Amino acid sequence: MLKIYNTLARDKQDFKPIEANHVRMYVCGMTVYDFCHLGHARVMVVFDMVYRWLKASGYDVTYVRNITDIDDKIIKRAAENKESIHTLTQRFIDAMHQDADALGVQRPDREPRATQYIPQMLEMVAQLEKNGLAYQAADGDVNYAVRKFDGYGKLSGKSLEDLRAGERVEVDSNKHDPLDFVLWKHAKDGEADEVKWDSKWGKGRPGWHLECSAMGSDLLGKHFDIHGGGADLQFPHHENEIAQSEGAHQCQYVNYWMHNGFVRVDNEKMSKSLGNFFTIREVLKKYDAEVVRFFILRAHYRSPLNYSDQHLDDAKGALTRLYTALKSVPSPSVPLPAGEGSQFPSPSGRGARGEGAVDWSESYAQRFQSAMDDDFNTPEAVAVLFDLANEVNRTQSAQSAAQLKTLAGILGLLQRDPQHFLQGETVAGGLDDAAISAQIEARIAAKKAKNFAEADRIRKELLEAGIVLEDTAQGTTWRRA
RNA sequence: GGCGCGAUAGCAAAGCGGUUAUGCACCGGAUUGCAAAUCCGAUUAGCCCAGUUCGACUCUGGGUCGCGCCUCCA
């Protein structure tokens, strides 16, 4: 039985989807005005892992991750760049897809853009107004009347009183309550047509919180299973989403709220405002994308994750061990042909399908499964992978190697040709494969002639060029350090 | 100030009321011409103070420190 830590309950709970065998999941995606940083990478990878595990567990999953393509920052950036909103957002959506693809993140089933859901948003505002939860203020903005919604604060565990006590922003006299938030932002003079839409409250654009509520319920229904995002979205964003959706639809919005921990640098949250962020593409210049993915999945999704070169190097070394084990055994390909995944029972007797054609009765698979079922405990699941690697190295069993590759595949890891991972790409200015082969041949000749001094010299020279040689029973192999 | 989360060996990071986490590093051995890789073994833990218990890293209370949210943020 899968257990999920539900922020709403502050506890791990048994996961039961609303519809048997079908899971509907929404994750807050990016605001596209710049390149994604490692914090974004973590959300994408973490929920990709969740998506994959639900599928491997036999569920049909509808996964929605939105794109915020209208927002103050976008407008500001477009103006600075003297480009249109559309050009700017499209550019960064493309960049985001490149980054996500590199990290092995599967595309969500739907990727709605806020600007395509304006009618649904307006409809929601109208419904909220009708339900007495929204009002148009003197400045033209339509606000949500927080104190009219019973249960405001149930996700973040904050009461309105607590929130007011900590109020740090200047009180906006147009609001009935300082905590009221904007649903529809009234257009200001001089704003481009591109950033305003007609509505019965006048021209304007949607508030950020409204976007997710409208897209979520339009694509997944008024009540769905899982809603995820970074821990910083818990308040106010997700709290406000609940207020909007439940206020408009008069029913429970989401059953399980999941929040991933932050990526930190020097023990501080990585964020735009602190300026201490690394973009995904920056990091990928230095580290293999799979290493980055592995680095993220090695920690539990709710724990903070400190970024540093040392930790990435560490992750690289560990991943190398797994690939080395796969390399040592011939043809560890995925054991079952596609489409025949139903011959094994899936975890907990859920439907038997999906990408994980795994024999779940096998002991490593069982350990892997209970780790993943325990609130997606990937560190524990990864530990199982290492135990399996040890078994592979010890027994040279093709079956174990196949199991290793299959289980790792559920995490989106270890699917490449081991040789390719270990040897990497030719470094600019470094030795190419042909040059390395020539050196290896020369060394083999030297060894045959018992000229070990020469053989060692060649090996040392290669090592200084970042090439590690390994003499095996099958001959000499090499990898990049 | 309010609310919440965390503190595990040199580093990273999990589970668990009593029995090896795991990876990297380090030490010994096997293997190797020597290495590397691999295998076997050893060493290194549980912020502090109380309490519960036959027994606590694991539960309870208090403290200390760190982090986050309360403002856009993944």
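Worth saying up front: this structure is predicted, and the values here are computed from it rather than measured. To find a chain, count down the sequence lines: A is the first, B the second, and so on, and within it residues start at 1.
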- Message: Determine whether a donor-acceptor pair (one donor, one acceptor, N or O, separation below 3.5 Å) exists between the side chain of A:R298 and the base of B:A13.
- Response: no
Do the rings of A:W257 and A:H238 sit parallel, tilted or perpendicular, given the 30° and 60° boundaries? tilted
Note to self: Check A:D417 with A:K327, please: is the shortest side-chain N to carboxylate O separation under 4.0 Å?
What the structure shows: no
* Looking only at atom P, what distance separates B:G46 and B:A7, rounded to whole Å? -> 14 Å
Here the distance between atom C1' of B:A36 and atom CD of A:E461, to the nearest Å, is 18 Å
Practice prompt. Answer with yes or no whether A:D314 presents, from its side chain, a donor or acceptor under 3.5 Å of a partner atom in the base of B:G23.
Written response: yes
note: A:L274, atom CG; B:C72, atom C1'; distance rounded to Å ~ 12 Å
Rounded to whole Å, CZ of A:F368 lies from C1' of B:U22 at a distance of 14 Å
To the nearest angstrom, the CG-P distance between A:L404 and B:U38 comes to 13 Å
Notebook entry, point to check: Per the atom types in the model, does the base of B:C34 pair as donor or acceptor with the side chain of A:R459 at under 3.5 Å?
Noted result: yes
*asked:* Please classify the nucleic acid contact of A:G157 as base, sugar-phosphate, or nothing, using heavy-atom distances under 4.0 Å.
replied: sugar-phosphate
Checking B:C67, B:G33, B:A36 against the side chain of A:F452 (C-beta onward), the nearest is B:G33
Report yes or no: is there a donor-acceptor pair, N or O only, under 3.5 Å between the side chain of A:N377 and the base of B:G15?
no
Which part of the nucleic acid, if any, lies within reach of A:G29 when heavy atoms closer than 4.0 Å are counted: base, sugar-phosphate only, or nothing?
-> sugar-phosphate
Could you check whether A:S303 gets within reach of a base, just the sugar-phosphate, or nothing at all, counting any heavy atom under 4.0 Å?
sugar-phosphate
Per nearest nucleotide of RNA chain B, the residue lying toward the 5' end, A:N260 or A:D387, is A:D387
Could you tell me whether the side chain of A:D471 has a donor or acceptor atom within less than 3.5 Å of a complementary atom in the base of B:C34? yes
To the nearest angstrom, the CZ-P distance between A:R479 and B:A35 comes to 16 Å
Check: Side chain of A:K73, base of B:C73: donor and acceptor closer than 3.5 Å?
Finding: no
Gap in Å between the two P atoms, one belonging to B:C49 and one to B:C54, rounded: 23 Å
Between CG of A:L385 and C1' of B:A14 the distance, given in whole Å, is 14 Å
Do A:W360 and A:Q366 have side chains that get closer than 4.5 Å, going by heavy atoms? no
Separation of B:C72 atom C1' from A:H237 atom NE2, nearest Å, is 12 Å
Problem set entry | Check ion pair A:D69-A:R113 (N to O, under 4.0 angstrom) | yes
*Is there a donor and acceptor pair, one atom on the side chain of A:K158 and one on the base of B:C69, closer than 3.5 Å?*
yes
For A:K405 and A:L414 the tightest heavy-atom approach is CG-O, 3.6 Å
Note: for A:A383 and A:D456 on RNA chain B, the residue whose nearest nucleotide lies more 5' is A:A383
Which of B:A74, B:U22, B:C70 is nearest the side chain of A:L163? It is B:C70
Here the distance between atom P of B:A36 and atom CD1 of A:I444, to the nearest Å, is 19 Å
Does A:K154 pair with A:E246 as a salt bridge, N-O distance under 4.0 Å?
yes
Work out how far the C1' atom of B:C57 is from that of B:A35, and round it to whole angstrom. 40 Å
